[in-house]
Visitor: 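Here it is, the structure, as structure tokens.
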Amino acid sequence: MAIYLTKESKVLVQGMTGGEGMKHTRRMLAAGTNVVGGVNPRKAGQTVDFDVPQGLEGLGGTPMTVPVFGSVREGIEATGADVTVVFVPPAFAKAAVLEATDAGIGLAVVITEGIPVHDSVAFTTHARAKGTRVVGPNCPGLITPGQSNAGIIPDDITRPGRIGLVSKSGTLTYQLMYELRDIGFSTCVGIGGDPVVGTSHIDCLAAFQDDPDTELVVLIGEIGGDAEERAAAYIKEHVTKPVVGYIAGFTAPEGKTMGHAGAIVSGSSGTARAKREALEAAGVSVGSTPTETAKLVLARLDDQRQATP
Amino acid sequence: MDLYEHQARELFEEHGILVPRAEVTDSPKQAREIARRLGGRVVVKAQVKTGGRGKAGGVKLAADPAAAEITARQILGMDIKGHTVGTVMLAQPVDIESEFYVSYVLDRAAGRFLAIASAEGGMEIEEVAAKRPEAVARVHIDPAEGVTSAKAAEIAETAGLPPQTVDVLVRLWEVLVREDAVLVEVNPLVRTEQGRILALDGKVTLDDNARFRQARWGTQGVAHDDPLEAAAVAKGLNYVKLDGEVGIIGNGAGLVMSTLDVVAGCGARPANFLDIGGGASAQIMADGLSVILSDPAVKSVFVNVFGGITACDAVADGIVRALDTVRLTKPLVVRLDGNNAARGRAVLDEHAHPLVQQVTTMDGAARRAAQLATTA
């Protein structure tokens, strides 16, 4: 098992025929993702041939022909798709997600960076009301190694295993996946660095807690907001599996946005120190570097395995 | 992007919210003229993007045009919490009967906007909220419905504001939505002795992501205290100047922030944050290096790349090409991992620049860069 995404997931790509969409659809196919179609109203009825990317021949990728549909609804009707990955530019992202939500998609993974926050508020609220899970925006997506990859996370830096990972940062996700490549992951979810995102640390913690294949959860946070503090409170109350954390941004000055739209310390709120303290108070082991965090994971797994004969 | 008070005031006025008559200037002589036009007696207010102006002496009453000139001369050039006062706003004084607080802020946890309102305005809302939380109303707004008259009436009633404020609450929501703001705040919103409702002071933060549809702001009002920051932004780089000695370049906001922390943990101070983003080209690498190397405070540079979408060999090619255009005078520590790391490392080995060294782990490379910077 895994959370949100399995090899059964049927994936549409909104914006597949654009530059980023083409590049990443090819990578998703090579990772074994069941990409059942693209969406582009101006190219409905066409098909796109994807060759196998160089160097990925051995990873299960085969050349594929993917149909293009005029709308998400048509794509769902023709293929039974339950996931969409959104690569459309910021100005059109809101309409794309609303379209997918209204068509009844189960999971919308919004990769697009730079979406105005009023748009994100509108589509995440609408999606919640309609029962669609949104991951992102401004995220690398999610991957269940060996099964499916919805987004832009490289699939060849780790393998299937029993760690669940939830992170605000793409590159820190990759870093931890790589450091723990010998153990492997159930699912890795990049929830995105914007102030408003569809899926929170808490949502993923709850799903990993219920996932029998996840033994331990890695939680990566960064400055800004109080999502990590809320996650800590949730862990204290509801999570019995070990959690290992990492927080980035201790050196960030007040009032400066550090890359991600949501990564900003305002006044006394949103500091890395407060987040780390809240997690530690909830029994989470927090590393001071990504490498140390990986070592803490190994130590916690050892403890866990010794405790369960 | 935060707006200056006078810019926020202009937006309020455009959307039909009453504000006191006011004008802005950077010259004491003009301040005298403006005061004469406004009737003699004026409030002179420093225009800086920080709170606590009043306490710092940046807001003063002037009794007549001559006093306005003297006061403007005192306030212009003042330093308020690290912000130099470049302009002052002169406003007509208002006879205040009562003061209120109203704002719309983004509630990240709920993923929607929140109206915060209180009948106790004029002071720090955080203080009111801490001492008497029941005096501060918090009402969530459904994005599909927005703030209708009915919703505004609900907010006003919950906060104990007079019914005349309902119209202002609706208009303030229009400012938030139409201007793509992530924060609008009026403090104080006042009722004058004549019974009029006026926005006496306001704060507006616009959403940088919405620039593509809010073209009129352009790059105006974007304050870059630092010339290097301005140069980097002009080149489209994601750069923040810090006050240390280790220059830092990496890919991805999270990894760069983490790199800063790890370097700080090794006893050195990061000189900057520079994220080359995904798919870094040789040009971006060269631009990034040139910005960092032109910072005299930088003693060593740490390039930390975990190749995901970004291929490490492309980064290495970028560094090599950058070294053709940028004269390297400071040691460069490079750590490449992930996508095509072996090829990337080989490219740098082959180039064999005497000031470039590779370390294979992030922690090890951070230690090396910190050591080079502190012993230089």
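So that the names make sense, note that chain A is the first sequence line, chain B the second, and so on, each numbered from 1.
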Visitor: Counting heavy-atom pairs closer than 4.5 Å to chain B, which one of A:M258, A:M177, A:R230, A:H126 comes out on top?
Guide: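 Ranked by contacts with chain B, first place is A:M258.
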Visitor: For A:I247, is it the side chain, the backbone, both or neither that has a heavy atom under 4.5 Å from a heavy atom of chain B?
Guide: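 Backbone only.
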Visitor: If you measure from the Lys or Arg side-chain nitrogens to the Asp or Glu carboxylate oxygens, is any gap between A:E20 and A:K23 under 4.0 Å?
Guide: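 The answer is yes: the pair qualifies as a salt bridge.
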Visitor: Assess whether side-chain contact (heavy atoms from CB on, under 4.5 Å) is satisfied between B:M257 and A:E222, documenting all intermediate values.
Guide: CA-CA 8 Å; B:M257 256 190 280; A:E222 60 188 30; 3.6 Å; yes
Visitor: Checking heavy atoms, do the side chain of A:I152, its backbone, both or neither come under 4.5 Å from chain B?
Guide: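 Both parts, heavy atoms under 4.5 Å.
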Visitor: Is B:A110 close to chain A through its backbone or its side chain, or both, or neither, when contacts mean heavy atoms under 4.5 Å?
Guide: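 Only the backbone of B:A110 comes within 4.5 Å of chain A.
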Visitor: Could you look at A:A91 and say if it's the side chain, the backbone, both or neither that has a heavy atom under 4.5 Å from chain B?
Guide: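 Contact with chain B is through both the backbone and side chain of A:A91.
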Visitor: Using the ring of B:Y4 (Phe, Tyr or Trp, six-membered ring only), decide whether B:K49 places NZ or CZ under 6.0 Å from its centre and within 45 degrees of its axis.
Guide: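 Pair B:K49/B:Y4 counts as cation-pi.
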Visitor: Identify which part of B:D207 has an atom lying under 4.5 Å from any heavy atom of chain A, answering side chain, backbone, both or neither.
Guide: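 For B:D207, the side chain is the part near chain A, not the backbone.
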Visitor: What part of A:H24 gets within 4.5 angstrom of chain B, counting heavy atoms only: side chain, backbone, both, or neither?
Guide: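 Contact with chain B: side chain only.
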Visitor: Name the member of B:L274, B:N339, B:V262, B:D243 that forms the most heavy-atom pairs with chain A at distances under 4.5 Å.
Guide: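 Among the listed options, the one with the most contacts to chain A is B:V262.
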Visitor: At a heavy-atom separation under 4.5 Å, does B:N238 approach chain A through its side chain, its backbone, both, or neither?
Guide: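 When you check distances to chain A, only side chain atoms of B:N238 fall under 4.5 Å.
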Visitor: Report, by ascending residue number, the residues of residues 300-307 of chain B in heavy-atom contact with chain A at a distance under 4.5 Å; give 'none' if the set is empty.
Guide: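 Only B:F306 of residues 300-307 of chain B have a heavy atom under 4.5 Å from chain A.
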Visitor: Pair A:E228, A:H201 - check side chain to side chain donor-acceptor pair (under 3.5 Å), show working.
Guide: CA-CA 7 Å; A:E228 294 81 357; A:H201 285 115; 4.6 Å; no
Visitor: Which residue out of A:T173, A:D194, A:D119 racks up the most heavy-atom pairs below 4.5 Å with chain B?
Guide: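 Greatest number of close heavy-atom pairs with chain B: A:D119.
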Visitor: Regarding A:E277 and A:R273, does a basic nitrogen lie under 4.0 Å from an acidic carboxylate oxygen?
Guide: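 A salt bridge is absent here (no side-chain N lies under 4.0 Å from a carboxylate O).
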Visitor: Based on non-hydrogen pairs under 4.5 Å, which of A:P154, A:G114, A:G170, A:G224 is most in contact with chain B?
Guide: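 Most heavy-atom pairs within the cutoff with chain B belong to A:G114.
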Visitor: If you count heavy-atom pairs within less than 4.5 Å of chain A, which of B:R269, B:M362, B:R213 leads?
Guide: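 Max contact count across the listed options: B:R213.
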Visitor: Can you tell me which of A:S288, A:G262, A:A263, A:P90 forms the most heavy-atom pairs within a distance under 4.5 Å of chain B?
Guide: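 Maximum pair count with chain B is reached by A:G262.
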Visitor: Do A:R27 and A:D155 pass the side-chain contact (heavy atoms from CB on, under 4.5 Å) test, and can you show the C-alpha distance, the side-chain angles, and the key distance before you say yes or no?
Guide: CA-CA 8 Å; A:R27 295 174 74 109; A:D155 76 300; 6.0 Å; no
Visitor: Which residue out of A:S120, A:P195, A:S169, A:A248 racks up the most heavy-atom pairs below 4.5 Å with chain B?
Guide: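 Going by pairs under 4.5 Å, I would pick A:P195.
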Visitor: Count the heavy-atom pairs under 4.5 Å between each of A:T251, A:V196, A:I115, A:T124 and chain B, then report the option with the highest count.
Guide: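 Of A:T251, A:V196, A:I115, A:T124, A:T251 has the most heavy-atom pairs under 4.5 Å with chain B.
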Visitor: Is chain B contacted by the side chain of A:S200, its backbone, both, or neither, given a heavy-atom distance below 4.5 Å?
Guide: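 Nothing of A:S200, per the 4.5 Å heavy-atom cut-off to chain B.
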Visitor: Quick check on the 6.0 Å ring-centre criterion: do B:F113 and A:H118 meet it?
Guide: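 Centroid distance B:F113-A:H118: below 6.0 Å, so yes.
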Visitor: Looking at B:L176, B:V263, B:V182, which one has more heavy-atom pairs under 4.5 Å with chain A than the rest?
Guide: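 Result: the option with the highest number of such pairs is B:L176.
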